[in-house]
Amino acid sequence: MPYAQPLWRQIRDDLRAKIRAGIYPPGSKLPATRLLAAEYETSHMTVRRALDSMIELGELVGRMGIGVFVADTSVQDS
């Protein structure tokens with residue numbers, strides 16, 4: 001029997017696919033955590049864990065009090 005991924009990883013993978021597909025282009029703001037939780041029919045903490053893992057990897061950027069944005073990976077620090 002195959003091992004099922006935790007829900008937060010499934011959400012992370014789905015968000016990555018949406019970023020690649022251009023649904024959330026670089027620099028765009030993601031919907032609020034509560035809206036994503038409703039979309040994925042889970043708790044906001046599960047969505048938060050998925051977002052936090054993407055922030056740690058530099059795929060997303062969190063701005064306190066403003067929201068979470070898709071990182072612009074085309075900009076490279078010199």
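Position 1 is the first residue of the sequence; numbering continues from there. Small disclaimer: the values here were computed from a predicted structure and weren't measured.
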Within the structure provided, determine whether [X] and [Y] are in side-chain contact (heavy-atom separation under 4.5 Å).
X     : Y     : answer
Gln5  : Asp13 : yes
Thr42 : Trp8  : no
Arg16 : Met54 : yes
Leu51 : Thr33 : yes

Problem - Glu39/Lys18 ion pair, N-O < 4.0 Å - result: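 Yes, charged N to carboxylate O under 4.0 Å.
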Handout entry: salt_bridge(Arg48, Asp52) N-O dist < 4.0 Å
Key =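 Looking at Asp52 together with Arg48, the answer is yes, because their closest N to O distance falls below 4.0 Å.
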Handout entry: Separation of His44 NE2 from Leu36 CG (nearest 0.5 Å)
Key =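 These two atoms lie 12.0 Å from each other.
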Problem - Gap separating the CG atom of Leu35 from the OH atom of Tyr40, nearest 0.5 angstrom - result: 12.0 Å
Problem - Shared hydrophobic cluster for Leu60 and Ile23 (ILVMFWY, side-chain gaps under 4.5 Å) - result: yes
Problem - Hphob cluster co-occupancy, Val47 + Val61, side-chain heavy atoms under 4.5 angstrom - result: no
Distance-only donor-acceptor pairs under 3.5 Å for side chains of residues 62-70, two or more places apart:
none

Handout entry: Heavy-atom closest contact (Ala71 atom, Pro26 atom, distance)
Key =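 For Ala71 and Pro26, the tightest heavy-atom pair comes out as O-CB, 3.9 Å.
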